[in-house]
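Working notes, beginning with the structure itself.
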There are 4 protein chains.
Amino acid sequence: MTAPVPPAGEERRRDRDRTRADILDTAAAEFAERGFDGARVDEIAARTRTTKRMIYYYFGGKKQLYMEVLERAYARIRAAEQTVSVGHLDPLTAIRRIAEVTFDHHEANPDFVRLVSTENIHNAEHVAEMTGLVRVNTPAILLLDEILARGREQGIFRDDIDAIDVHMLISGFCFFRVANRHTFRAIFGRDLVDPARREHYRKMLGDLVVDHLTALG
Amino acid sequence: MTAPVPPAGEERRRDRDRTRADILDTAAAEFAERGFDGARVDEIAARTRTTKRMIYYYFGGKKQLYMEVLERAYARIRAAEQTVSVGHLDPLTAIRRIAEVTFDHHEANPDFVRLVSTENIHNAEHVAEMTGLVRVNTPAILLLDEILARGREQGIFRDDIDAIDVHMLISGFCFFRVANRHTFRAIFGRDLVDPARREHYRKMLGDLVVDHLTALG
Amino acid sequence: MTAPVPPAGEERRRDRDRTRADILDTAAAEFAERGFDGARVDEIAARTRTTKRMIYYYFGGKKQLYMEVLERAYARIRAAEQTVSVGHLDPLTAIRRIAEVTFDHHEANPDFVRLVSTENIHNAEHVAEMTGLVRVNTPAILLLDEILARGREQGIFRDDIDAIDVHMLISGFCFFRVANRHTFRAIFGRDLVDPARREHYRKMLGDLVVDHLTALG
Amino acid sequence: MTAPVPPAGEERRRDRDRTRADILDTAAAEFAERGFDGARVDEIAARTRTTKRMIYYYFGGKKQLYMEVLERAYARIRAAEQTVSVGHLDPLTAIRRIAEVTFDHHEANPDFVRLVSTENIHNAEHVAEMTGLVRVNTPAILLLDEILARGREQGIFRDDIDAIDVHMLISGFCFFRVANRHTFRAIFGRDLVDPARREHYRKMLGDLVVDHLTALG
DNA sequence: AATGAATGAGGCTTCATTCAT
DNA sequence: CATGAATGAAGCCTCATTCAT
């Protein structure tokens, strides 16, 4: 009875979503590559399957496009964090695991790092407008909080460092290594992202955090 | 009534230097505030005692002006580092002192931090062209190197971390705290540069470095 | 529970008419508010129960929509004029009555005034295409003509002023008061449409016409 | 001793002024022809000796250009009015003279009329921003005021009509005749600006004002 | 009869830079 | 040594309209 009529609506929606995603991917690359002001809407359009007009049709403008790119980038890093389950690990191992995941994600997503750098040059004015980012990011803190609490209960962690401090320490290390890679290399002659040194820095970060947390304070 | 005959050559040179310095100061603020692409030559000129034409006259263009700004910013931070004399201090105290000086300089010079962020968005292409920067920056590494060597001799420092790693660790911490202040605050609700938390982070950095260097590795 | 079977044809037609009327009302407001070039098809659609696509479906385009709006506006003002019956009045009273009706209609329909202003900026090119407008407007002149004739017969009206001149005089007064209200107020500080001055101007117009028509010429 | 050096500065200024005037003239024509929203910056530029860029250099933007056009148009009509000296004329003749001057100026400057129509479509928002227009326009009222006062003293003018009312009456007549010329012609078949009818309307206006002012009220 | 998605053409504006003296 | 005037190229965005079902 029900003829296999092409599900026009759905197919269109899929097209629409694909086009949007295409634009978002391209825009993410362009914004990461050149920053907000350096990025060109024409260039994004040219690297896309569609036309410049579609950017305005789907996103409204350069700024809104940038904001969706940024929001998606944050969502992804937090999603990656959520995949690690550390509930069953002892505090030391758990904290090391989190450091490693963060390290890996920054390394794998230099564009995310560059977007965040760009956003800070703009004083986080766009992020400030994104209600929802707080919600998306708090799980990361809650997780650390729980691990730190367990560590303190066991008497192995100092107690003058809170979850946000640990997050800053880990993120700062990972972020700087990727974000400042270029000036660092130009000035000190060392490529912080050289694969040959990857394990060294990955371990260094874990040690660093553990050494500090387990020190006497 | 009788005006003193102007000692033409010298006074002109002084004028020239003053104008250049005026432009450089203004440009530093503008580039730090908005990044390279966001900065406007017109805006720099407007905030200056002179005219836009002079920027081209003295510097050649936006890019060259930016490069001089950047070069001066690096020279200043390294000069600050050179003022500390740690030769007479024991390795632990010396390394703590260096961390503090770096911490203080980043805090006091957020514009430097923003310029370096901007430069990294541009893949350090300008810094790469600045041949003198390596020379200006190596003393910082040499100093650390000497301290680390002393510490290792005394058997109190681990030996799998070199001077550049320590520099990265210290700079990364100080840099992130200032550079990512805005997104961090928007997302986690904590102002990393809040004066009330200044001592906490300053001590945290020192502990961090020392805890790690003195751990067993 | 049992929905009444829709009398398809008629109901559809009614739907159609309602949608058309909805669009026309909204478009009238938008064109009056912003002029032809300032009006936005998107905006009209947004203020409507239907979608932009329907505007093209029912009217063909912006220009045709504008023309229907204009035609309807003219039809309405002339219809209002037809409601007054002055055949039984003496010429003086009749002419005063017509002046008042015109005055009232302009005051009550500033949108009509603005549409006509807009149309004149376009050199009445649309009105010129509207073949029916002449027919719809001649009764107004014929009416005046008849009154003037009676007045002249009675020896109370001068004879160097014809019906079209009187119409121009009355319309001009009423039109200017509404159309140029804004510049007049900005420049001379007087709101010509202030309710407190309404009777003054309404009487002034009647006097004006009568004084002139009954003068010796 | 003083060589006839070309007065560079002055010459340049003259060039500048000529270019500005060229743009203003062209813009006045374009804005009058098509209204604010219908006018095209590109079109103005094309009809000019210079380029589109110069419009932004000299005026800042479309809106500012429009405002300067409008301001100049008002200044000109008031300047024309100031050229008539009516102090020595008896009130009746004086008021007739003013009506004629106004009539002539509207006829000679249809662009002024169209600009004012356009401005009213925009609710006089630009005129409202022009401080100074009030000052430029009040002399016209003061002049009328003085004539009306003299007429009343002599017992020949009614006293329920003030200077602003008279100005409205005269302007309204002149303005409508030019502004609504096109719709009027399309609908009633009469060209109000036909030279053959010029004297008729010019006299009609004078009579109208005088008949009304000298009526018993 | 009705509609959501798409779009080519053109709009206004801004930028770093150079010209001409 | 210094400068006011000028500008080509490119930027972001909006418009009325049509496509494809």
Side-chain angles (χ1 to χ4, degrees), chain A residues 5-9 11-13 15-16 19-20 37-45 50-65, chain B residues 8-9 12-13 15-16 19 36-45 50-65, chain C residues 8-9 12-13 15-16 19 36-45 50-65, chain D residues 5-9 11-13 15-16 19-20 37-45 50-65:
Chain A
V5 190
E11 199 163 278
R12 258 195 210 156
R13 180 151 32 79
D15 254 30
R16 183 191 160 87
T19 301
R20 272 185 64 99
D37 294 300
R40 295 289 167 252
V41 175
D42 278 279
E43 179 63 20
I44 294 171
T50 46
T51 68
K52 179 166 55 158
R53 186 62 189 72
M54 284 296 93
I55 291 174
Y56 291 91
Y57 183 64
Y58 281 128
F59 298 94
K62 185 183 184 179
K63 180 178 171 172
Q64 294 97 309
L65 175 58
Chain B
R12 249 191 219 159
R13 180 148 32 80
D15 256 29
R16 179 193 155 88
T19 301
F36 180 78
D37 294 299
R40 297 291 169 248
V41 175
D42 276 289
E43 179 65 18
I44 294 170
T50 44
T51 68
K52 182 164 52 157
R53 194 59 193 73
M54 286 300 91
I55 291 173
Y56 287 87
Y57 189 69
Y58 281 126
F59 298 93
K62 184 183 186 181
K63 181 178 171 174
Q64 294 95 312
L65 175 58
Chain C
R12 249 192 219 158
R13 179 148 35 78
D15 256 27
R16 179 194 155 88
T19 300
F36 179 78
D37 294 300
R40 298 289 168 250
V41 176
D42 277 287
E43 180 63 19
I44 294 171
T50 43
T51 68
K52 182 164 52 156
R53 194 62 192 73
M54 285 300 92
I55 291 174
Y56 287 88
Y57 190 69
Y58 281 126
F59 297 94
K62 185 184 186 181
K63 181 178 172 174
Q64 294 96 311
L65 174 58
Chain D
V5 191
E11 199 163 278
R12 257 195 211 157
R13 180 151 31 80
D15 254 31
R16 183 191 159 89
T19 300
R20 273 186 64 99
D37 294 301
R40 294 290 167 252
V41 174
D42 279 278
E43 179 63 19
I44 294 171
T50 45
T51 68
K52 180 168 52 157
R53 187 62 190 71
M54 285 295 93
I55 292 174
Y56 290 88
Y57 183 66
Y58 282 127
F59 298 94
K62 185 183 186 180
K63 180 178 173 173
Q64 293 97 310
L65 175 58

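In what follows, chains are A, B, ... by sequence order, proteins preceding strands, each numbered from 1.
- C:M54 CE to C:T19 OG1: the interatomic distance, rounded to the nearest 0.5 Å, is 8.5 Å.
- Note: NZ (A:K63) to P (F:dT14) measures 14 Å, nearest angstrom.
- Taking every heavy atom of both residues into account, C:A45 and C:T51 meet most closely at CB-C, 4.1 Å.
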Polar atoms only, N or O, under 3.5 Å: list the protein pairs with nucleotides 9-11 of chain E and their distances.
| from | atom 1 | to | atom 2 | distance (Å) |
| --- | --- | --- | --- | --- |
| E:dG11 | OP1 | D:R40 | NE | 3.4 |

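- We find that CZ of D:F59 is positioned 14 Å from P of F:dA5, with the value rounded to whole Å.
- Using a 4.5 Å heavy-atom cutoff, the side chains of D:R20 and D:F59 are in contact.
- In this structure, A:K62 and A:R40 have side chains that are in contact, with non-hydrogen atoms separated by less than 4.5 Å.
- We find that CD of C:E43 is positioned 14 Å from C1' of F:dT14, with the value rounded to whole Å.
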If pairs are Watson-Crick or G-U with both distances under 3.5 Å, what is the dot-bracket string of DNA chain E, marking crossing pairs with [ ] and pairs to another strand with |? .||||||||||||||||||||

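- Within the 4.0 Å cut-off from OP1 or OP2 of E:dT13, at least one side-chain nitrogen or oxygen of D:Y56 is found.
- With rounding to whole Å, B:D37 atom CG is found 12 Å from E:dC15 atom P.
- With rounding to whole Å, B:Y57 atom OH is found 18 Å from E:dT21 atom P.
- As a whole-Å value, the separation of D:I44 CD1 from E:dC12 P is 8 Å.
- If D:G61 and A:M54 are placed on DNA chain E by their nearest nucleotide, the residue sitting closer to the 5' end is A:M54.
- The shortest side-chain heavy-atom distance between D:L65 and D:I44 falls under the 4.5 Å cut-off.
- Put simply, the side chain of A:V41 reaches to within 4.5 Å of the side chain of A:Y56, judged on heavy atoms.
- Rounded to a whole Å, the CD atom of C:Q64 is 11 Å from the C1' atom of F:dT17.
- Comparing B:G60 and C:Y58 by the nucleotide of DNA chain E whose heavy atom lies nearest to each, the residue mapping closer to the 5' end is C:Y58.
- With contacts defined as side-chain heavy-atom distances shorter than 4.5 Å, the pair A:Y58/A:R16 qualifies.
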